[in-house]
Amino acid sequence: PYSITYNGDISVNTATPNNDVEARDVSNWVAGQSQVQIRFRFDGDYYFWMLDDISLQPVPKFRADFGAWGGAPAFDFLVGPAAGSSKLGRFTLDQNRDLAFDCNAISSGSAPLYNAQLSMEVVDPSGMVSTVNSPVVSSAWGGGMGPDTLTYNDLNTNAAPWQPSSNGLHYFYYNLTADSTMAGGQALSLRSDRFEFIVSDSVMSLDGGVFSNSLGTPQLGDDGAAMTSRIDLTADAQLWNVKVDLSTLTVPGGFMEVAIYDSSAFTGATSGFDPNGLIATAQQTVNNASGGIITFDMTTNGVPLDLM
């Protein structure tokens, strides 16, 4: 009569990492029973589900894991210049901005934990660049009453954001530490997989330099529908071109237009843009059916477009 949903936050056409580990406390259901049966049922939106290395273990005294909470991912980061700014995967030092990190952590041990803190390591290929920390959460969490979650409201570096100081590929790791008693004595330490972002000398974009998804007429319709990307600026900039990656499914002959608007011209997802906010346009006819990049020149007589 008992069921648990796993990976309910995984959307269509996405997947967990290959080494994803899930754990649930089933003590209230199986403790004291002489026989127990466990059934796994796949009820997903995609092709398959793979399981391996299943075990029943006593509940450890101290245990915590990173996890999604309330629709928020296990790991996240906020990009300046202000709350609600576009989350860029690439930006330039000329457009430098604050980065604040946060996570959710679930304590599922039999004893409470104290003094939880998120510590971020930022590294580049040559080594450590910086560390930033969240405030310490000294109160108890977890401890025999079922899983207890410290959320991104607790574990974040909003008060100590970080800014890059050099171009190049940067990696960051989420580290969580906690104590077994109020007096100290570290009981656990968690470390995430590696995340990355790029500081470029000239490119700004929402992607992280990886072609990971695509849109086409089944999603956008064949009636001239559009998609929009917003990029927030921290300083005046010059726009030379806009580049769009083409899928290998691209059919030659389609017409594409890039329109640059002031962000204040956006009136909503259904109403679009106020034409009075139009800054510039560029058009291209797609002539490549094998993928690649199509470039829209935004210069006038070799002079780039000023964005302020």
Side-chain angles (χ1 to χ4, degrees), residues 72-103 118 120-134 152 156-174 192-215 226-246 258-266 273 277 279-280 282 293-299 303-308:
F75 311 102
D76 205 354
F77 67 100
L78 303 178
V79 180
S85 297
S86 298
K87 185 176 291 185
L88 302 176
R90 291 189 286 190
F91 57 89
T92 67
L93 285 181
D94 290 340
Q95 298 291 332
N96 212 353
R97 59 203 61 224
D98 286 342
L99 295 177
F101 306 90
D102 62 64
C103 70
L118 170 65
M120 298 299 306
E121 295 178 26
V122 183
V123 302
D124 64 19
S126 65
M128 181 72 72
V129 173
S130 181
T131 58
V132 289
N133 302 313
S134 75
Y152 59 85
N156 64 74
T157 67
N158 296 348
W162 176 78
Q163 284 197 4
S165 58
S166 62
N167 289 331
L169 181 63
H170 291 67
Y171 308 115
F172 51 95
Y173 298 87
Y174 293 77
S192 74
D193 289 335
R194 186 178 74 184
F195 297 83
E196 64 183 46
F197 66 94
I198 301 169
V199 182
S200 167
D201 60 354
S202 59
V203 178
M204 296 186 67
S205 67
L206 274 64
D207 70 274
V210 177
F211 193 130
S212 59
N213 207 342
S214 61
L215 292 172
M227 60 174 293
T228 300
S229 295
R230 191 188 81 180
I231 295 181
D232 302 287
L233 302 177
T234 60
D236 295 348
Q238 291 182 316
L239 178 62
W240 292 81
N241 56 61
V242 174
K243 295 186 177 182
V244 178
D245 276 352
L246 299 180
V258 168
I260 308 297
Y261 286 87
D262 186 278
S263 58
S264 62
F266 184 65
F273 289 85
I279 299 174
I293 295 177
I294 185 169
T295 300
F296 295 83
D297 185 0
M298 305 307 301
T299 66
V303 178
L305 180 66
D306 287 327
L307 299 177
M308 302 178 181

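Below, all heavy atoms of this structure are taken into account, side chains as well, without hydrogens, waters or symmetry copies. For the single chain, residues carry numbers from 1 onward in sequence order. Note that the coordinates shown come from a computational prediction; the quantities given were computed from them, not determined experimentally.
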Please determine whether side-chain contact (heavy atoms from CB on, under 4.5 Å) holds for the pair D306 and D236, giving the CA-CA distance in whole Å, both sets of side-chain angles, and the decisive distance to 0.1 Å. CA-CA 7 Å; D306 287 327; D236 295 348; over 6 Å; no
Between L307 and I260, does a side-chain contact (heavy atoms from CB on, under 4.5 Å) hold up when you go through it step by step? CA-CA 10 Å; L307 299 177; I260 308 297; 4.3 Å; yes
Contact check, side chains of V203 and I198, non-hydrogen atoms, under 4.5 Å: no
Students often mix this up, so state it plainly: with edges at 30° and 60°, are the rings of F75 and Y174 parallel, tilted or perpendicular? tilted
Could you measure the distance from the CG atom of L78 to the CG atom of N156? Nearest 0.5 Å is fine. 8.0 Å
What is the distance from atom CG of D262 to atom CE of M308, rounded to the nearest 0.5 Å? 12.0 Å
Is the NZ or CZ atom of R97 positioned over F91's six-membered ring, under 6.0 angstrom from the centre and within 45° of the axis? yes
Nearest heavy-atom pair of A265 and G277: which atoms, and what distance? CB-CA, 3.7 Å
Does OH belonging to Y152 count more than 12 external heavy atoms closer than 6.0 Å? no
Where is the tightest heavy-atom contact between P164 and H170, given as atom of each residue plus distance? CB-NE2, 4.3 Å
Let's go through F77 and F172 carefully: what are the C-alpha distance in whole Å and the side-chain angles of both, what is the deciding distance for ring pair (Phe, Tyr, Trp, His ring centres under 6.0 Å) to 0.1 Å, and is it a yes or a no? CA-CA 10 Å; F77 67 100; F172 51 95; 5.5 Å; yes
Would a 4.5 Å heavy-atom cut-off, applied to side chains only, mark L305 and Q238 as touching? no
Should L99 and F197 be marked as a side-chain contact (heavy atoms from CB on, under 4.5 Å) after you check the CA-CA gap, both sets of side-chain angles, and the distance that decides it? CA-CA 11 Å; L99 295 177; F197 66 94; 3.5 Å; yes
On a heavy-atom basis, which atom in V199 and which in T92 lie closest, and how many Å separate them? CG1-C, 4.4 Å
Note, L246 side chain near I293 side chain (heavy atom, < 4.5 Å): no
Quick one: do the S205 and D207 side chains pair a donor with an acceptor below 3.5 Å? yes
Decide yes or no for I231 and S86: does some side-chain heavy atom of the first lie under 4.5 Å from some side-chain heavy atom of the second? no
Min side-chain heavy-atom separation T157-W162 under 4.5 Å: no
Can you name the closest pair of heavy atoms from M298 and A280 and give their distance? CE-CB, 4.0 Å
Any non-hydrogen side-chain atom of T234 less than 4.5 Å from a side-chain atom of N96? no
Got L88 and Q95 here, is their nearest side-chain heavy-atom distance under 4.5 Å? no
Between D76 and K87, is there a side-chain heavy-atom distance shorter than 4.5 Å? yes
CG/D124 to CD/E196 distance, rounded to the nearest 0.5 angstrom? 12.5 Å
Closest heavy-atom pair, P161 versus A159, reported as atoms and distance to 0.1 Å, is CD-C, 3.5 Å
With the threshold set at 4.0 Å, does a side-chain nitrogen-carboxylate oxygen contact exist between D245 and K243? no
Tightest non-hydrogen contact, residues Y173 and V123, listed as CE1-CG2, 3.9 Å
L233 side, atom CG; D94 side, atom CG - distance, nearest 0.5 Å: 11.0 Å
